[in-house]
Amino acid sequence: MHVSELHDTYDRKIDYLRLSITDRCNLRCRYCMPEEGVAAKPHTNMMSYEEIIAFSHMAAQAGITRIRLTGGEPLVRKGVVDLVSSLSDIKEIQEVSMTTNGILLEKYAVDLWKAGLKRVNISIDSLDPKIYKDLTRWGKLEDALAGMEAALKVGMNPVKVNVVALKGASDNIEPFAQLTMDYPVHVRFIEYMPAFYEEEKDDFISAEELEAKIKALGSIENPDSPVGAGPARYFKIAGSKGTLGLIGSSKGHFCNSCNRLRLTADGKLRTCLFSDQEIDLLPALRGGHPKDLMELIEKAIKEKPKDRFAKREGKIGRKMSQIGG
Ligand code: SAM
Ligand code: SF4
Ligand code: SF4
């Protein structure tokens with residue numbers, strides 16, 4: 001089978017896959033998961049690593065060149081280092097990355113690096129240990145920061161720090177600005193998306209408010225964007241090692257340049273973060289012909305909506321922890 005480059009109906013080149021490998025997590029961020037966690041799906045409904053790897057080979061044939069592992073928390077799934085290694089070995093895959101809360105990253109950073117993980121996004125919503133613990137319900141900020149330092153130490157680049165913007169927590173941007181003075185990290189403030197979880201709705205802060213706060217820091221330059229900048233806009237404080245960025249998801253959600261597909265841990269291909277359209281891959285992976293799987297991938301790309309964000313109504317059927325962001 002030859003490698004193709006797949007464009008959707010709106011001529012967007014689809015080359016990026018977000019792969020959720022578990023919906024379990026070692027934290028319970030208030031805006032993402034209830035304290036009791038999400039109801040665990042039967043083991044047999046979840047994709048095995050063999051199935052994830054088989055799918056990824058096929059997706060690579062369809063034009064996917066970059067894969068991001070996410071969750072739930074990807075580092076709680078046993079064998080994740082071997083998975084990174086197998087995905088990195090796929091000839092067409094130029095980059096394997098991960099979005100993690102960083103709690104277990106200190107433990108795995110060296111092995112992940114050797115397995116081929118060259119860059120990582122770490123979610124840290126506050127640099128105040130008490131607020132961090134409150135937001136995550138029991139997380140220790142020092143563990144997440146140790147994960148960030150370990151990623152930098154092994155040479156991962158870029159290391160990005162994702163911050164969901166919430167009033168009274170991450171809107172205190174000075175400590176994050178200081179983080180970019182001390183470390184070569186790219187902090188990205190992401191607008192909270194209440195469509196996935198109502199609890200923190202009143203704590204929403206817009207990207208515009210955050211931009212004003214960043215500009216008020218003074219000595220702001222517009223730097224070159226780091227690798228994989230995607231939809232973020234970046235700023236830099238003069239003399240800093242890293243950058244500050246903004247991802248505003250409430251207005252339009254960058255649909256014109258959307259290049260991605262998402263695969264849930266239970267084998268459902270989602271065409272858009274804000275659409276509940278899902279294509280079940282498990283039957284094709286379990287006993288189907290490779291051609292069936294390719295047809296489903298092509299169908300997902302063909303049916304990817306133009307701008308579902310503007311048209312969505314009501315809540316999304318899955319929680320963010322079941323999609324992976
Ligand atoms: N557990 C990993 C982590 O926290 O980085 C990966 C999965 S998590 C679902 C992926 C990203 O989604 C995180 O950066 C998280 O902050 C973000 N997220 C979760 N719920 C969100 C929401 N309602 N609005 C905006 N971002 C959200
Ligand atoms: Fe877990 Fe990530 Fe959701 Fe926080 S945002 S509860 S770390 S999946
Ligand atoms: Fe892509 Fe859907 Fe997000 Fe638009 S709303 S950027 S189409 S995932």
Side-chain angles (χ1 to χ4, degrees), residues 8-10 12 14 16 18-35 37-38 68-77 97-105 120-126 132 135-139 143-144 147-148 160-166 169-170 187-201 203-205 207 230-231 247-262 264-265 270-277 300-301 303-312 315-316 318-325:
D8 72 0
T9 319
Y10 307 100
R12 295 171 297 192
I14 309 301
Y16 177 45
R18 293 184 69 100
L19 232 172
S20 170
I21 62 169
T22 176
D23 53 11
R24 288 180 305 121
C25 187
N26 48 358
L27 296 181
R28 295 285 184 276
C29 301
R30 290 181 180 280
Y31 56 78
C32 181
M33 263 199 202
E35 186 156 12
V38 289
R68 174 171 294 275
L69 299 184
T70 174
E73 173 48 40
L75 292 180
V76 301
R77 183 156 174 189
S97 60
M98 181 180 284
T99 298
T100 166
N101 60 33
I103 297 292
L104 293 171
L105 194 52
V120 71
N121 291 5
I122 307 169
S123 304
I124 305 179
D125 295 332
S126 172
Y132 179 87
L135 272 176
T136 57
R137 291 208 175 86
W138 54 67
D143 293 343
M148 181 194 80
K160 297 182 184 171
V161 174
N162 285 353
V163 185
V164 173
L166 291 170
S170 33
V187 174
R188 291 129 36 99
F189 295 97
I190 302 170
E191 272 184 357
Y192 171 59
M193 294 179 240
F196 291 91
Y197 210 81
E198 296 281 333
E199 200 170 318
E200 309 294 325
K201 202 172 178 175
D203 296 333
F204 177 85
I205 321 172
I247 302 186
S249 7
S250 64
K251 291 203 182 126
H253 207 251
F254 10 93
C255 303
N256 287 341
S257 55
C258 186
N259 58 352
R260 56 196 62 186
L261 287 180
R262 293 175 164 83
T264 65
R270 284 181 72 101
T271 53
C272 167
L273 181 60
F274 285 98
S275 164
D276 278 324
Q277 182 195 23
I301 293 178
E303 293 181 4
K304 188 172 164 63
K306 184 167 182 242
D307 52 1
R308 185 73 195 137
F309 183 80
K311 297 192 181 70
R312 87 198 142 87
K315 286 192 71 65
I316 309 292
R318 280 185 188 251
K319 301 225 177 326
M320 198 68 116
S321 58
Q322 298 168 309
I323 304 175

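Numbering of ligands and ligand atoms starts at 1, following listing order. Just the heavy atoms: all of them, side chains too, but no hydrogens, waters or symmetry mates, feed the values below.
- Using modelled atom types and a 3.5 Å distance limit, the side chains of Y31 and D125 yield a donor-acceptor pair.
- In plain terms, the two heavy atoms of M148 and V161 that are nearest each other are SD-CG2, 4.0 Å.
- Among the atoms of M193, some N or O lies under 3.5 angstrom from an N or O of ligand 1.
- Put simply, the residue from K160, R68, R18 that forms a side-chain hydrogen bond (donor to acceptor under 3.5 Å, both in side chains) with S97 is R68.
- In this structure T264 satisfies the side chain to side chain contact (heavy atoms under 4.5 Å, CB included) test together with D266, K268, R270, R318, sequence neighbours excluded.
- Partners of T100 under the side-chain hydrogen bond (donor to acceptor under 3.5 Å, both in side chains) rule, at least two apart in sequence or in another chain, are E73.
- For ligand 3, the atoms sitting less than 4.0 Å from at least one non-hydrogen atom of C272 are 2 (Fe), 5 (S), 7 (S), 8 (S), numbered in the order shown with element in parentheses.
- Here is the list of ligand 1 atoms found below 4.0 Å of a heavy atom in Y31: 15 (C), 16 (O), 18 (N), 19 (C), 20 (N), 21 (C), 23 (N), 27 (C).
- Not a single N or O atom of D125, backbone or side chain, sits closer than 3.5 Å to an N or O atom of ligand 1.
- Those atoms of ligand 2 that come under 4.0 Å of a heavy atom in C32, given as number and element, are 3 (Fe), 5 (S), 6 (S).
- Heavy atoms of T99 found under 4.0 angstrom from ligand 1 belong to the backbone as well as the side chain.
- At a heavy-atom distance under 4.0 Å, only backbone atoms of T100 (N, CA, C or O) approach ligand 1.
- Every heavy atom of I190 sits 4.0 Å or more from the atoms of ligand 1.
- Heavy-atom distances between S123 and ligand 2 stay at or above 4.0 Å for every pair.
- Below 3.5 Å of separation, one finds an N or O of G72 facing an N or O of ligand 1.
- Numbered from 1 in the order shown, with element, the atoms of ligand 1 that lie under 4.0 Å from a heavy atom of T70 read 6 (C), 7 (C).
- Heavy atoms from both the backbone and the side chain of C29 come within less than 4.0 Å of ligand 2.
- For ligand 1, the atoms lying closer than 4.0 Å to a non-hydrogen atom of N101 are 2 (C), 3 (C), 5 (O).
- Between C32, S20, S123, it is S123 that holds the heavy atom closest to atom 4 (O) of ligand 1.
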